[in-house]
Amino acid sequence: MWAAVLLLLALPPFAAAEVPSVLEMEAGGYDEAPLPAIAIIIDDMGHDNGNGREVIALDAPLTLAFLPHRAATGRHAAEAHRQGKEIMLHMPMQNIYSMALGEGALTEDMSDLQIKATLQNALDDIPFVSGVNNHMGSLLTQDRRAMSAVMTIIQQARIPPLYFIDSRTTAQTVALNTALDHDIPAMKRDVFLDHVVEREEIRFQFKRLISLARKNGTAIAIGHPYRETIDVLREELALLGEAGVTIASVSGLMQIAQDGTPASVDYDRIAKRF
């Protein structure tokens, strides 16, 4: 029953009328499997610009991942929560190319205590946080010691614990497995929507997301608050009802998967690297 409830709650208004009610499902009038479900995470939130506010205003249960200690993180996260969005910490982690990470990043030269204190400060900076994913991190997510320190704080942060999403910025990541070893609810992203910031490429990746959800039951995409991504999402989200696919927050998607839908699988041949 709860999987059906979550599917209905996750649906945007334009699609809700096309889905049978929970009572109809329980009465036995519908034998179909639950709808394929997607979750879309928008990374790099927290900058003080109009694109972030437009993402917050999108009429869908997106999950917004905020960088810590940025100019607009606190007030935009609070506004997003009021608009019904789920909030994540988008935790900066060291990458293999020495690209700048900004304030509050985790690096391999930190001790376990430093990693834990830095992560806890980041969590404290973001209101209403439900989970964590990595920002960059193609170096640090390969480091099991560092990931164990990260997961210890995530596990202790709340009861039940926060969830973790492995952004998979390297094929060598151990982040997902380390999270699962710490009994943290965890999944990995399946698609980067805007690795190439062009509308047709973003649309192609969105269609790929839908295909993976249909094949596996659920799928997770990561995008960014680019103008091109916002425009494509406005168009494509309005068509989900016709496509027979629902959209949920990340925590909703995890519940759907837990209730019997297979967890997401990453089919990328080459991981995006930072």
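Note that the coordinates shown come from a computational prediction; the quantities given were computed from them, not determined experimentally.
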If you group Ile, Leu, Val, Met, Phe, Trp and Tyr by side-chain heavy-atom gaps below 4.5 Å, do [X] and [Y] land in one group?
| X | Y | answer |
| --- | --- | --- |
| Val197 | Ile42 | no |
| Leu176 | Leu162 | no |
| Leu209 | Tyr226 | no |
| Phe204 | Ile202 | no |

Backbone of [Y] reached by a side-chain donor or acceptor of [X] within 3.5 Å:
| X | Y | value |
| --- | --- | --- |
| Thr73 | Leu67 | yes |
| Glu242 | Leu239 | no |
| Thr178 | Arg144 | no |
| Asp112 | Ala149 | no |
| Asp190 | Ile220 | yes |
| Asp166 | Arg168 | yes |
| Arg214 | Pro36 | no |
| Thr152 | Ser148 | yes |

Can you find a pair of side-chain heavy atoms, one from [X] and one from [Y], that are under 4.5 Å apart?
| X | Y | result |
| --- | --- | --- |
| Met110 | Thr118 | yes |
| Arg199 | Asp231 | yes |
| Leu240 | Ile38 | yes |
| Leu101 | Asn95 | yes |
| Glu54 | Arg234 | yes |
| Glu103 | Pro68 | no |
| Ile40 | Phe206 | yes |
| Ile154 | Leu119 | yes |

(request) Going by the side-chain contact (heavy atoms from CB on, under 4.5 Å) test, name the single residue among Ile165, Ile184, Leu123 that passes it with Val132. (result)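 Of all the options given, the one that passes is Leu123.
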Rounded distance [0.5 Å steps], [atom1] in [X] versus [atom2] in [Y]:
| X | Y | atom1 | atom2 | result |
| --- | --- | --- | --- | --- |
| Leu180 | His182 | CG | NE2 | 11.0 Å |
| Asp143 | Ile115 | CG | CD1 | 7.0 Å |
| Asp181 | Met147 | CG | CE | 13.0 Å |
| Gln172 | Leu139 | CD | CG | 11.0 Å |
| Ile56 | Leu64 | CD1 | CG | 6.5 Å |
| Glu236 | Arg203 | CD | CZ | 5.0 Å |

(message) Please tell me whether Thr141 and Asn134 have a donor and an acceptor in their side chains that are separated by less than 3.5 angstrom.
(response)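 Note: Thr141 and Asn134 side chains miss the donor-acceptor criterion.
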(message) Is a donor from one side chain sitting under 3.5 angstrom from an acceptor on the other, for Ser249 and Ser251?
(response)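 Checked: Ser249/Ser251 side chains pair up, N/O donor to acceptor below 3.5 Å.
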Measure across [X] and [Y] and return the closest heavy-atom pair with its distance rounded to 0.1 Å.
| X | Y | value |
| --- | --- | --- |
| Met88 | Tyr163 | CG-OH, 3.3 Å |
| Gly104 | Pro92 | O-CD, 4.1 Å |
| Gly137 | Thr169 | C-OG1, 3.6 Å |
| His47 | His76 | O-CE1, 3.7 Å |
| Asp194 | Ile222 | OD1-O, 4.2 Å |
| Leu193 | Ala221 | CG-CB, 3.8 Å |

Name all residues meeting the side-chain hydrogen bond (donor to acceptor under 3.5 Å, both in side chains) criterion together with [X]; count only those two or more places apart in sequence or in a different chain, and write none if there are none.
| X | value |
| --- | --- |
| Gln83 | Glu79 |
| Gln205 | Glu201, Arg208 |
| Asp44 | His90, His135 |

(message) With side chain to side chain contact (heavy atoms under 4.5 Å, CB included) as the criterion, how do Arg189 and Asn133 come out once you've worked through the C-alpha distance, each side chain's angles and the decisive distance to 0.1 Å?
(response) CA-CA 10 Å; Arg189 66 97 195 142; Asn133 73 341; over 6 Å; no
(request) Show your reasoning for whether side chain to side chain contact (heavy atoms under 4.5 Å, CB included) applies to Met91 and Val150. (result) CA-CA 10 Å; Met91 190 65 198; Val150 165; over 6 Å; no
